[in-house]
Structure formats: structure tokens, C-alpha cells
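To keep things clear, I will list the structure first and then write my remarks on it.
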Amino acid sequence: MPPSVVHTSCTRDCPDACGILAHVRDGRVTRLQGDPDHPITRGFLCERTSRFLARQYSPERLTSPLVRRDGELRPASWDQALDLCARELLRIRDQSGPAAILHYLGGGSLGILEALSNLLFDAFGPVTTTRGSVCDGAGQAAQRADFGDCDASDPQDLQHARTIVLWGKNPSISSPHLLPLLHHARQRGASIVLVDPIRHRTASLCDEVIQPRPGGDLALALGAARVAFDRGWAHPDAPSWCDYLPEYRAVAERHTASQWAEQAGVPHAQLFDLASRIAQSGPTTIFVGWGMQRRSIGGAIVRAIDALAAVTGNLGVPGAGVSFYFKRRAAFDSSIFRTTRPAPRSVREPLLARDILAAADPPIRAVWISCANPVAMLPDSRATAAALASRELLVVVDSFLTDTAKCATVVLPSATFLEQDDLVGAYGHPYLGVVRPAVPPPDGVRTDLSIAQALAARLGLSTWLEGAPRDWMQRALGPIALDRLERGALRNPVAPTVAFAGRAFPSATGRVNLLHELPPAAPSAPADRPLLLMALSVPAAQCSQWSPSEPHEQLVARVHPRSCAGLPDGSPAMLRSATGELRVRVRHDESVREGVVVVPKGGSPALGRGANSLIAARLTDIGEGAALYEEPVRIEALPSE
Ligand SMILES: Nc1nc2c(c(=O)[nH]1)N[C@H]1C(S)=C(S)[C@@H](COP(=O)(O)OP(=O)(O)OC[C@H]3O[C@@H](n4cnc5c(=O)[nH]c(N)nc54)[C@H](O)[C@@H]3O)O[C@H]1N2
Ligand SMILES: Nc1nc2c(c(=O)[nH]1)N[C@H]1C(S)=C(S)[C@@H](COP(=O)(O)OP(=O)(O)OC[C@H]3O[C@@H](n4cnc5c(=O)[nH]c(N)nc54)[C@H](O)[C@@H]3O)O[C@H]1N2
Ligand code: SF4
Ligand SMILES: [Mo]
């Protein structure tokens, strides 16, 4: 067969939703290249996806269903595995009702056809679902509370910004295609400020780096507002688009700017400089990262930033805004992925283990998991594994025998994004992309849609999911022709250029609902565990998906030399929290703020690399997010190896 190039899109849980050229020779993908014609991808891919072929062709990929017999997961035929799933689901529904079944769809792929499994389980039940989000629950809830919606301006609008604040965001790792846009804005004279407890790689692009203490952002934003009010820098027309302005001002005036700076853990001059840039230097775009909303006051932090932008006039005009999330599904007809029947109940994603065990009348007896590895990725890995493994039926649909799949009764091997049709919308820009199979799935592997259809047939629901993938894609696209999208990325026609243009907000009053109460203080670290653990994204992995496969060596813990209990660089050590311990190698790193320990996110608990083995399950203040970055730990010396 002659070599070919397949135009497709990346489905990974990443803001960029890249266009990809998959080079195929003799039935094998030989290279993945960033699509040079994609307006955001511009010809380059990130490290994790450039090296995805090591994962695609890994000997560890599953090529047969597995069924647990005599305590062991053993290969089985598709008929055996699916018959067992269907029989058990029907039996449990007959005995206890559909609420005894939990369907959990994770973010392993953002392809929207994955959501067809929701349709199936809605039709079969509706069954118990999950709510909240370990990823972005607090941030989304904050912006909905403030603006009535969570949406962002087109990144092309950055050219109008005079100041850009990367507030707790590390695009070098998490969203690399934002970098060329930032470079470009800088060339046009915009200044860039980074606010992050870690002086990470993106700092090289910035004019100013502010390193607050973790969660000190609430004080930083309120202190900047205090400066703006004191100096008369608040926008004179702010009352016309803000509710609760006097109350918000009173909150900001509870402390002096110096006191707020001290609470934030930054020099007063930096707080003043931030206020002056945001309020005085022309339009400011603030990119709100995900990290700081994964805190117990995460919602309040984002709300304080929203409010600062609102009173300084940095909303609804070109070059300004608070950009957290693009509505990636807005272009799609979501009605085809859910029935209108409400779920009988839901469990909170961040508290999955606790809520599964607490569920009664009926208890949760079966769990169906797809695109997720909760044992590695949700807090409290041990409790999550125990809660899942103790169900009568646990089905995991995945390409690998993950920490979660190891707990399963049945594992169904699924295709990768290079082997199936799908559609993606991005959450870092407004372009839509089409996903096309570059190669067929290997023998013994099926696409998620074909798995759902085969299950539907056995549950007597085949009519619900009938149709080829492309039929579903066209249905999801509504008036947008699929073949148009196949010719190249298309801008979501309903996405705004400037979010909330004209300062019209879809809130109850049409105005911004300013934060007007201080949240309770975040818990302080106990004396015997003085450091806060942060498990952050690394270039080689997409959450728990490593490309190539996860290294087996000891986890590296980055810590400021003054915060590592006197241990020399490179020493073996134990990180200890209230719930667990993890062997690490200490790396001195002056770019990390004192009092913080950084380890890679996505490590496997079974390999002794799982940060979530140490992290307790805690909710954020709003939005049922997870306060993942607040686990107090200590570092203990270990004898040298
Ligand atoms: N401590 C700590 N924990 C965190 C975070 C953190 O920063 N710190 N980050 C959190 C965040 S932001 C997120 S989004 C969650 C992510 O957590 P998860 O949603 O669990 O995400 P992944 O680990 O990316 O993917 C889960 C599985 O999906 C599988 N998968 C990939 N593509 C497909 C597909 O097409 N079909 C099927 N069936 N399976 C597929 C992969 O093989 C992988 O095993 O983790 C959270 N957990
Ligand atoms: N390579 C790679 N890229 C990824 C992922 C991955 O696993 N690997 N994950 C993807 C996913 S699931 C998501 S949700 C997105 C976002 O993924 P994230 O990696 O969560 O995104 P960022 O918001 O860029 O980075 C978080 C930043 O928040 C900072 N931070 C933590 N606490 C605080 C705080 O209290 N205050 C301030 N100011 N900053 C703080 C951290 O130091 C870090 O620099 O990106 C995706 N991109
Ligand atoms: S993971 Fe993100 S940056 Fe990497 S190729 Fe996929 S969409 Fe692009
Ligand atoms: Mo995420």
C-alpha cells in the first residue's frame, strides 16, 4: 500500500485540540505531525502526543477482553465478556433498580462520541451518574456565579491586550499552542505577568513573575482591588455592569494593601505593580489556570479575580477578559447524548469512593467506567480502589491494564484516537476538529462506539445506538456539514470573538455578581506536616497516560533547598501525609516556593509513584471540585541506597 497521510485531531484532555497529520505506511502509523494549516496547532505537537506512537504500539496494550475468574483477570472472547456484562447489568437492575448501577465517563478522551455511552445508560436506566469535577469544578462554578456563564474570548483577541496575566497557568506544559500567541502579543508591546508559586518554564516569556503562597491569590486579587479603589482606578462606569460593588469594596477595604500583600506572601511593590498594570495600562486579559481553583477556597479565588477584572473595566471589550474555559461542546447538538430523563441520583467525582460506599436504597452494585483511571487520578487512591473492587460488577473500558482496570471484573480493550472516528471541540480556543481513523484497531480491540452498540444489543436497546460513527457525527454537527469539517478545522460558529461583548452578562440581573463575602480561611498546615503537596502536569504524560510508558524509577520531588529538612540534593526520602507515604528522590529547586513540594501528576500507585495515594478527598468551596493541592506532608530522610 502506498504511504498516506490522514488528517485527524487530538482527543486528549488538553485545551489545544490539535490538528494532526498521521503518516501511515504498510498499515502502521509511522509519524504524527502537527497540522501546519491548523490555526492553533501551526505545525507542532506537544511532547506527550509527538511520542504517542510508543503508546499506540506498546506491547502492554490490551488485545483481548479480560474476565475475572478465580480471582484472576483472564482472557475471554468478546461474546463471553459482553454476555457477562449484560447478564449482570440486567440482573442488578431487576433486583435493585437502575440506580444500583453507576456510569462514570472520564476525560481520557474528549471525543464527543464517547458521550454516547451516556445515552445508552440513560436509556437502560437512567442510572446513577457522577457530578462535580476534579478538573475544573470550582472554576466553572465561580464564573457561572459571576457572569452567568463560563466562556472566553477568541485567542486572536489577545492582539488587543496591553497586559496579559497568566494567573496560575503553565502553558509551556499544559497548553503549548498558546505560546506563539503570547510571543506575538509581546512583540506587539503587551507585557506578560506570571502569578504562580512556581517560577516555571513559562516565566522566560514574562516581564514580571509574582510567586504568591499557594492560595495567596485571594489576598493578591483583593489587595490589587484595594489599590485600585484607593487610587481611583476603578472604572467610573463599573456600577452599571456590577452588582454588589459597595459590598465588594468593603471586603477589599478590610485590610490595607500591605496587609493583603503580606497575606499573599508577596512584596507590596509587586502587588501594587500588578494592580497598576491591570487597571492602568490598557486592556488586560487574565488567563486563569486550573491549579489555584483546585483548592478549598478555589472558587473564591477565581471569583476575586473575576471581580478585579470587572471593576477595572477588563471585561466585554477587545483585549480584555478573564479566560478560563471555552465551551467546547457549544457547537454540538448535545440533546443526542442524553435522554431528557433525569438521573435518579449522582455521586460526587472528587468523593467517589466515599459516595459509592455511602449509597443506600439501593446500594451501588455495579460500576461501568470508560475513559477514566480513577484509582490513579482521584484523591485517596487506596479508598477508590477498595470501593471499586468491592462491587459485584466493575467494567473498565480502556486500552491498558491501568490501576483501575486491575480492580475490574471485566476489562474491555478499546481503540485509541488513531483508530476511531470522532469530533472534538477545544477548551482553549474555538476551533472544531474531526477525528478519523488512521489505522483500524488491532485484532481483538474495538472502538468505544462498537462496544456500546454491542452492549446495547444485548440489553434490548439496539435502536438507541444504531448508526455508523459518521451518522452520529453529522447528527452532532447539526447544520455544519461533516465534509466541510473534514476539509480543515472550522471555527465554532456560535463562539464569541469577545466574551460578554458590550458587557452584557447572562446572569440573573445581566450584570456581574461581584464576590462580596470573604470565605473562611483555608486550613493551615499542621506543624508536623509543614509542606503542601502539588502533583502537577509534566510534558511526558497526559494525566495517567504516559508516552512512552511510565518510568519505573523513583518519583522526583522538587522542593526549595530551605524546605527539605536539610536533606541534600538527590537524597532518597519519604513523603508522608496523614493517609499514606511515598518514596521519592529529593531535587533541590529554587524555582519552587518555600513550603511546597512538587511531584508529577498521573503516577501509578502500583508503581509507587501515585501522588493520589497521599492525597485525601476534599471538596472545593463551590462547584464540587477537588482540593487536590492542599495535602500537608513532611519529608523524612531515608538511609542512602
Ligand atoms: N493529584 C492530582 N490528581 C489529579 C490532577 C492533579 O493535578 N493532581 N489532575 C486532575 C485532572 S485535571 C483530571 S482532568 C483528571 C484526569 O483523570 P482521568 O479522566 O482518569 O484521565 P486520564 O488519566 O487522562 O485517562 C484515563 C484513561 O482513559 C483512557 N483512554 C484514553 N483514550 C480513550 C478512549 O478513546 N476510550 C477509552 N475507553 N479510554 C480511553 C486512558 O488509557 C486512561 O487510562 O485527573 C485529576 N487528578
Ligand atoms: N503535559 C500535560 N498537559 C496537560 C495535562 C497533563 O497531564 N500533561 N493535563 C491537561 C488537563 S487535564 C488540564 S485540566 C489542563 C490544565 O492542566 P494544568 O496542568 O492543571 O494547567 P495549568 O493551569 O497550566 O497549571 C497549573 C498551574 O497552577 C499553579 N498553581 C497551583 N496552585 C496555585 C495557587 O494557589 N496559585 C497560583 N497562582 N497558581 C497555582 C501550578 O504551579 C501550575 O503552574 O491541561 C492539560 N494539559
Ligand atoms: S495533547 Fe494537547 S498539545 Fe498535545 S497534541 Fe494533543 S491537543 Fe495538541
Ligand atoms: Mo483536567
- Query: How about Arg199: does its CZ atom have over 12 heavy atoms from other parts shown lying under 6.0 Å from it?
  - Reply: no
- Task: Verify whether one side chain among Ser335 and Asp333 offers a donor that lies under 3.5 Å from an acceptor in the other.
- Result: yes
- Classify the ring geometry between Tyr427 and Trp290 as parallel (under 30°), tilted (30 to 60°) or perpendicular (over 60°). perpendicular
- Message: How long is the straight-line distance from OG1 of Thr404 back to OH of Tyr104, given to the nearest 0.5 Å?
- Response: 8.5 Å
- Query: Does a donor on one side chain sit under 3.5 Å from an acceptor on the other, for Ser172 and Thr202?
  - Reply: yes
- In Å and rounded to the nearest 0.5 Å, what is the CG to OG distance from Leu449 to Ser117? 10.0 Å
- Between Trp368 and Phe121, ring centroids under 6.0 Å: yes
- Item | Asp196/Lys169 salt bridge by N-O under 4.0 Å criterion | no
- Before accepting this row, confirm whether a basic side-chain N of the pair Glu349/Arg131 lies closer than 4.0 Å to the acidic partner's carboxylate O. no
- Task: Could you tell me which residues satisfy salt bridge (Lys or Arg N to Asp or Glu O under 4.0 Å) with Asp154, sequence neighbours excluded, listed by chain and number?
- Result: Arg491
- Task: Verify the distance criterion only: is there a donor paired with an acceptor across the side chains of Ser544 and Asn373 at less than 3.5 Å?
- Result: yes
- Item | Side chains of Thr447 and Pro441 in contact at under 4.5 Å (non-hydrogen atoms) | yes
- Message: With side-chain hydrogen bond (donor to acceptor under 3.5 Å, both in side chains) as the criterion, how do Asp35 and Thr41 come out once you've worked through the C-alpha distance, each side chain's angles and the decisive distance to 0.1 Å?
- Response: CA-CA 6 Å; Asp35 185 347; Thr41 306; over 6 Å; no
- Task: Report the residues that fulfil ring pair (Phe, Tyr, Trp, His ring centres under 6.0 Å) with Phe400, sequence neighbours left out, ordered by chain and then residue number.
- Result: none
- Message: Between Cys85 and Leu455, is there a side-chain heavy-atom distance shorter than 4.5 Å?
- Response: yes
- Task: Determine, stepwise, if the pair Val302 / Gln143 fulfils side chain to side chain contact (heavy atoms under 4.5 Å, CB included).
- Result: CA-CA 7 Å; Val302 177; Gln143 294 217 317; 4.1 Å; yes
- Task: Applying side chain to side chain contact (heavy atoms under 4.5 Å, CB included), run through Leu477 and Leu423 and close with a yes or a no.
- Result: CA-CA 9 Å; Leu477 282 169; Leu423 291 171; 3.8 Å; yes
- Kindly state each residue pair satisfying salt bridge (charged side-chain N to carboxylate O under 4.0 Å, His left out) with at least one member in residues 403-426, sequence neighbours excluded. Arg61-Glu419
- Looking at Phe417, does the NZ or CZ of Arg12 lie under 6.0 angstrom from its six-membered ring centre and within 45 degrees of the ring axis? no
- State whether Trp546 and Arg51 meet the cation-pi test: NZ (Lys) or CZ (Arg) under 6.0 Å from the six-membered ring centroid, and within 45° of the perpendicular axis. no
- When rounded to the nearest 0.5 Å, the distance separating CD of Gln545 from CD of Glu550 is 12.0 Å
- Item | Rounded distance (nearest 0.5 Å) linking atom CD of Glu553 with atom CZ of Arg585 | 9.5 Å
- Item | Arg487 and Asp37 ion-paired at < 4.0 Å | no
- Do His23 and Gln33 have side-chain atoms, one donor and one acceptor, less than 3.5 Å apart? yes
- Message: Measuring from atom CZ of Arg558 to atom CE of Met534, what distance do you get when rounded to the nearest 0.5 angstrom?
- Response: 9.0 Å
- Message: Around atom CZ of Arg74, are there more than 12 heavy atoms from other residues, nucleotides or ligands closer than 6.0 Å?
- Response: yes
- Item | Nearest-0.5 Å distance that lies between atom CH2 in Trp167 and atom OG in Ser323 | 14.5 Å
